[in-house]
There are 2 protein chains.
Amino acid sequence: MQQRVPPTVTWADVEGGVVRMIDQTKLPGELVMLDCREVECVAQAIERLSVRGAPAIGCAAALGMALAAHRSQADDSDALRKDLRTARERLAATRPTAVNLFWALSQMDRAIAEHEGEAPDAMRAALLTRAEEIVEDDLQRCVAIGRNSLELIPEGANILTHCNAGALATAGYGTALGVVRAAHEAGKGIHVWVDETRPLLQGARLTAWELCTEGIPATLITDSMAGYVMGQGRVDCVVVGSDRIAANGDVANKIGTYTVAVLAERHGIPFYVAAPVSTIDYELASGDLIPIEERSREEVAMLAHRVAEPVCPDVAIYNPAFDVTPHELVAAIVTEKGIARAPYAGSLRAMRD
Amino acid sequence: MQQRVPPTVTWADVEGGVVRMIDQTKLPGELVMLDCREVECVAQAIERLSVRGAPAIGCAAALGMALAAHRSQADDSDALRKDLRTARERLAATRPTAVNLFWALSQMDRAIAEHEGEAPDAMRAALLTRAEEIVEDDLQRCVAIGRNSLELIPEGANILTHCNAGALATAGYGTALGVVRAAHEAGKGIHVWVDETRPLLQGARLTAWELCTEGIPATLITDSMAGYVMGQGRVDCVVVGSDRIAANGDVANKIGTYTVAVLAERHGIPFYVAAPVSTIDYELASGDLIPIEERSREEVAMLAHRVAEPVCPDVAIYNPAFDVTPHELVAAIVTEKGIARAPYAGSLRAMRD
């Protein structure tokens, strides 16, 4: 079933300007738009995963800064800058792992610095322009990643993916799903194994939905089945996105990604990471320094609650939201600038903006 | 919270005899007993996973044969044997992977052969006696497994387990959870990482419940977190049960077990299998010959359904219920007869009844 899907997150020129996003917590059942009139709304949307996926979080943060400028009642540049600093602190505090959030905020910092001292309305316009550029650039980077990845994907490939690194994780098109889309559009006849991705089921709810609505062949499995299908010889490669890549090529991504990489190595299956250069954190030497967000126990426990009230509601629960795949398990990192291979310290540095 | 838990499956002397079992599909919310008055009820209970876990399935099948004998209106030994044959075929057709089912049925075959030609009431009594022996033996075997495993479990060990191989999977005490119980009772101060075990959540619903009700420290995680906690150095060993062990030591168990074994190997963590000798299929040379049950798509899809109605209800779904861990990833197999190590062809043969 083909349907026209609205942008993941965008600026809408209503009510003096709002940040409009798909509320991803409602997918796949309902396609509901959320209009944020204040930066607090954007911050909570990030925290609640109404908008998620590292590049999309960056886009939302950039637009959130433009929103803060538009909503600020400041009539001089000092007062506006103060409101912007408050907004920046709020957005920076939402989620710690995805570096694209901090990259986008520093892009907006730079725009603010470039227009320092100008009249508030000039600053407002400049920040909106810059934020919309960040969103449009992200979409183009995804398309470039897809194009760059074509040589890695054989005809008829069975691609396994984890989480959602699709249009919903970005300004559009997707990183890992950009690789999938590019291969599909090139007529390679690919098929995708979709890890459901517990606890929040981004695979089952978002990736399966994206692929299904576009008619790209896909099969949904539980995370526990990935090893089995690999052992059956039914997986040709793995492609995932990333929330942060360290300078040495260690890759942080949704919890369970490291497991998929270990399995891929055992089966001689290449493990590819698709991400824009803005995901690379050159200041971080290695993956063990990447902050790993922990989220509420309810995300894990809710299944038992949905099935039946638990007898032991106090059972301890652990909910790390990400893990780190060491660079030695990564066959290649595909960015908008091309394909980087080991040794990564050098190849990633060469891609630096 | 300590509570007195009824037997997983047993004979109850009511209404001329019924097979009484905990209905595990209702756990952890409700502790509901199911009384089967006919063998068809027992067969469906196995198929629906009201009773599950390889040894428990065997116990249920043995009691089901005794039930068939009691319910048969046959008044001569030929007619009774015919009814018993029908019952046996029905029970054998329930689920293909757990060898204990077929082991128990062949034990009952032998009892039938031993009492061939006797009056129906003598056969009925003999079959009930044999079935109750099988149940009592299973409990004692689990206790022996626990005792035999003590030397493998260090003080303060963090044990990771998958699925439920506990009291609910056996006549009582459990295989993998028998190892846990024995270590806990010996005062080793152990802690258990409980994989929730999608799709049917035997870990979250059953294992977490067993450990919690007995005050054994445990932490529930999604299957996708096992690699992460191992990488954090927080797992000392893995202990799982099994549905079938091939003659060469290849081990079939709940889907996702193979993944845990691969992860354990990478981290130098011993992967132990706890199972009675009745789980060893000496006629099967290797694991690739073990039949892997596939179950309904609804078990995987239901999560999305519970969260929201899916937009793409026809997305392909794969639901293999088991996988096979090759013997080279198995550090030891603990049975009621002791600990078997590689090379397994010889050490398992030495344990043969």
Side-chain angles (χ1 to χ4, degrees), chain A residues 1 3 26-31 162 193-199 201 204-205 208-209 211-213 217-229 231 254-259 262-263 265-266 292 300-301 303-304 306-312 314-320 322-324, chain B residues 1 3 26-31 162 193-199 201 204-205 208-209 211-213 217-229 231 254-259 262-263 265-266 292 300-301 303-304 306-312 314-320 322-324:
Chain A
M1 178 179 99
Q3 55 174 268
K26 303 284 195 277
L27 287 172
E30 290 184 275
L31 187 52
H162 193 74
W193 291 104
V194 178
D195 274 3
E196 68 171 0
T197 314
R198 274 281 282 157
L201 305 168
R205 293 188 301 110
W209 181 77
L211 297 176
C212 191
T213 53
T219 305
L220 177 63
I221 54 174
T222 62
D223 306 332
S224 51
M225 294 172 193
Y228 178 72
V229 296
K254 182 55 49 192
I255 189 75
T257 302
Y258 168 56
T259 291
V262 171
L263 289 169
E265 189 207 28
R266 179 180 171 84
I292 302 294
V300 176
L303 267 203
R306 299 271 180 157
V307 175
E309 283 310 305
V311 169
C312 279
D314 300 321
V315 69
I317 287 176
Y318 188 36
N319 190 10
F322 298 90
D323 57 29
V324 177
Chain B
M1 177 180 100
Q3 54 174 271
K26 301 284 193 282
L27 287 171
E30 293 184 271
L31 187 53
H162 194 74
W193 290 104
V194 178
D195 273 3
E196 67 171 359
T197 314
R198 273 282 280 156
L201 305 168
R205 293 189 301 110
W209 180 77
L211 298 176
C212 190
T213 53
T219 305
L220 176 62
I221 54 174
T222 62
D223 306 331
S224 52
M225 294 172 193
Y228 178 72
V229 296
K254 181 55 49 194
I255 189 77
T257 302
Y258 169 57
T259 292
V262 172
L263 289 169
E265 189 207 29
R266 179 179 170 85
I292 301 295
V300 176
L303 267 203
R306 299 270 180 155
V307 174
E309 283 310 304
V311 170
C312 279
D314 300 322
V315 70
I317 286 176
Y318 190 35
N319 191 10
F322 299 91
D323 57 31
V324 176

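The figures here come from the full heavy-atom set of this structure, side chains too, leaving out hydrogens, waters and symmetry mates.
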Contact class of A:Ile292 relative to chain B, heavy atoms under 4.5 angstrom = side chain
request  = Check whether any side-chain N or O of B:Thr197 sits under 3.5 Å from a backbone N or O of B:Asp195 as a donor-acceptor pair, and report yes or no.
outcome  = yes
query = With respect to chain B, which residue among A:Met225, A:Glu265, A:His162 yields the maximal number of heavy-atom pairs within a distance under 4.5 Å?
reply = A:Met225
task = Output yes when a side-chain donor or acceptor of B:Arg198 lies under 3.5 Å from a complementary backbone atom of B:Val300, and no otherwise.
result = yes
query = Where on A:Tyr318 is there a heavy atom nearer than 4.5 Å to chain B: the side chain, the backbone, both, or neither?
reply = both
query = If you round to the nearest 0.5 Å, how far is CG of B:Leu263 from OG1 of A:Thr259?
reply = 4.5 Å
Segment of A:Asp223 engaging chain B (4.5 angstrom heavy-atom cut-off) = side chain
ask   = Which of the residues A:Ile221, A:Val229, A:Val262 is involved in the greatest number of heavy-atom pairs with chain B at under 4.5 angstrom?
value = A:Val262
inquiry  = Quick check for you: to the nearest 0.5 Å, what is the distance between A:Asp323 atom CG and B:Ser224 atom OG?
reply    = 8.0 Å
task = Report the distance from atom CG of B:Leu27 to atom CG of B:Leu201, rounding to the nearest 0.5 Å.
result = 12.5 Å
message = Under 4.5 Å from any heavy atom of chain B, what part of A:Asn319 do you find: side chain, backbone, both or neither?
response = both
